[in-house]
Amino acid sequence: MVPLGWIGGVVGLILATLISLYANSLIAMLHEFGGTRHIRYRDLAGFIYGKKIYSLTWTLQYVNLFMINTGYIILAGSALKAVYVLFRDDDHMKLPHFIAIAGLVCAMFAICIPHLSALGIWLGFSTILSLTYIVISLVLSLKDGIKSPARDYSIPGTSTSKIFTTIGASANLVFAYNTGMLPEIQATIRQPVVKNMKKALYFQFTAGVLPLYLVTFAGYWAYGSSTETYLLNSVNGPIWVKALANIAAFLQSVIALHIFASPMYEYLDTKHGIKGSALAFKNLSFRVLVRGGYMALNTFVSALLPFLGDFMSLTGAISTFPLTFILAHHMYLMANKNKLKSTQKLWHWLNIWFFAVMSVAATIAALRLIALDSKTYHVFADL
């Protein structure tokens with residue numbers, strides 16, 4: 001909202017919702033293409049195009065998931081720092097320290113949860129934690145907004161910087177709605193698969209986006225262009241309430257990160273023949289070394305460049321645009337090339353070229369933003 005303002009922000013969020021729903025629906029309709037159920041996005045791409053595109057899709061997925069994990073560790077570290085600041089008025093602990101702690105907790109959780117289906121009850125906790133954060137953020141933002149004087153809603157920056165930040169914000173918008181791993185998330189959905197996947201998507205992009213809208217609009221309304229990237233750094237209220245919201249955000253980040261790291265874990269487990277009991281010495285030591293090493297790399301990158309908004313822009317640009325929009329439209333074209341009318345083919349090609357241009361432009365904008373922030377804050381910054 002800050003780089004887009006009221007009109008651009010509201011229109012952008014709604015358009016991103018509709019575009020993302022449409023693109024994911026195309027992927028859902030290809031879930032059983034060719035009489036085979038494709039439970040991995042890269043498997044679907046490989047089935048349609050061949051081995052080279054399989055590898056390219058997996059590379060884009062890996063980049064997307066790595067960046068998502070990086071963002072979650074930054075978020076978890078920011079939440080921990082916010083709790084610390086509530087109770088200690090000193091400068092002994094800085095954001096990189098909290099990111100390191102968050103990374104260690106994420107690694108321990110990944111070692112203890114051997115595979116995605118083992119999350120079980122943790123997904124219930126995840127829902128409760130999300131609602132806790134949403135309700136507290138919403139209530140405190142509304143309370144501050146009612147009491148605050150007139151806010152400044154102008155878009156900050158020069159004319160040139162506004163162009164770049166607007167383009168970068170478009171990548172943020174699509175990143176907020178898409179994962180690049182729809183088949184993996186819906187792999188265990190019951191028959192009829194495509195119909196039920198569409199039902200889940202319609203629910204996600206209607207009722208599911210309402211909390212996102214509420215928190216985003218309320219936060220921007222309450223604090224205007226001075227709103228922090230991490231909203232809880234802007235709100236005022238009882239210390240224990242803010243601490244509860246920050247702890248909920250931290251714990252939710254730990255659980256959510258595991259969901260997006262699971263495809264990489266599953267790939268490594270399969271490649272190295274990890275089977276049998278999760279507590280077997282070989283399996284346990286493999287998780288400690290491999291998952292611990294993966295989280296260590298993620299944590300290092302998070303602490304090195306802890307610019308959450310910048311990483312969201314870059315992730316949306318280099319992986320979410322190609323995976324969710326360009327590839328989805330082209331795969332649908334390839335799978336249905338003999339069934340589509342010329343106008344339908346033209347529609348999909350227009351989408352492909354439009355999102356290709358957006359991907360390049362958003363990548364340039366995101367890299368520019370990271371370069372500027374790196375000059376301003378330096379590496380291992382205490383934001």
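For Phe109 and Trp122, the ring centers sit closer than 6.0 Å to each other. Between Tyr49 and Tyr54, the distance from one ring center to the other does not fall under 6.0 angstrom. For His329 and Tyr22, the ring centers are positioned less than 6.0 Å apart.
For the salt bridge (Lys or Arg N to Asp or Glu O under 4.0 Å) test, residues two or more places apart in sequence or in another chain that qualify with Lys94 are Asp91.
Cluster annotation: Met197 is connected to Leu26 through the hydrophobic network of ILVMFWY side chains, with a link wherever side-chain heavy atoms come within less than 4.5 Å. With hydrophobic clusters built from ILVMFWY side chains whose heavy atoms lie under 4.5 angstrom apart, Leu4 does not share a cluster with Phe164. Ile155 and Val11 fall into different hydrophobic clusters, where Ile, Leu, Val, Met, Phe, Trp and Tyr are joined by side-chain heavy atoms under 4.5 Å apart, directly or via other members. Cluster membership for Phe260 and Leu297, using ILVMFWY side-chain heavy atoms within less than 4.5 angstrom, is shared.
Within a 6.0 Å radius of NZ in Lys199, no more than 12 heavy atoms belonging to other residues, nucleotides or ligands are found. Applying the 6.0 Å contact sphere to CG of Leu18 captures more than 12 heavy atoms from other residues, nucleotides or ligands. Applying the 6.0 Å contact sphere to CZ of Phe281 captures no more than 12 heavy atoms from other residues, nucleotides or ligands. Within a 6.0 Å sphere centred on CH2 of Trp353, other residues, nucleotides and ligands contribute 12 heavy atoms or fewer. The number of heavy-atom neighbours closer than 6.0 Å to CG of Leu210, taken from other residues, nucleotides and ligands shown, is above 12. Counting heavy-atom neighbours within 6.0 Å of Phe125 CZ, excluding the residue itself, gives a total of 12 or less. Residue Met108 qualifies as open at atom CE: its count of foreign heavy atoms under 6.0 Å is 12 or below.
Among residue pairs with one or both ends in residues 242-261, those qualifying as side-chain hydrogen bond (donor to acceptor under 3.5 Å, both in side chains) are Ser126-Gln252, Ser130-Gln252, Tyr230-Asn246; sequence neighbours excluded.
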Should Tyr267 and Arg42 be marked as a side chain to side chain contact (heavy atoms under 4.5 Å, CB included) after you check the CA-CA gap, both sets of side-chain angles, and the distance that decides it?
-> CA-CA 12 Å; Tyr267 168 76; Arg42 60 186 184 273; 4.2 Å; yes
Decide salt bridge (charged side-chain N to carboxylate O under 4.0 Å, His left out) for Lys195 and Glu32; before the verdict, give the C-alpha distance in whole Å, the side-chain angles of both, and the deciding distance to 0.1 Å.
-> CA-CA 11 Å; Lys195 184 178 179 180; Glu32 292 186 310; over 6 Å; no
Given Asn64 and Thr320, is the side chain to side chain donor-acceptor pair (under 3.5 Å) satisfied, shown in steps?
-> CA-CA 7 Å; Asn64 194 55; Thr320 308; 3.2 Å; yes
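Screening Asn298, Ile73, Leu304 for a side-chain contact (heavy atoms from CB on, under 4.5 Å) with Ile99, the sole residue that qualifies is Ile73. A side-chain contact (heavy atoms from CB on, under 4.5 Å) with Leu214 is found for one member of Val209, Val135, Leu138 and no other, namely Leu138.
Counted by atom type alone, Ser225 and Tyr153 present zero donor-acceptor pairs between their side chains at under 3.5 Å.
Both tests hold for Arg291 against Tyr265: distance to the six-membered ring centre under 6.0 Å, angle to the ring axis within 45°.
In plain terms, the two heavy atoms of Ser319 and Leu60 that are nearest each other are CB-O, 3.6 Å.
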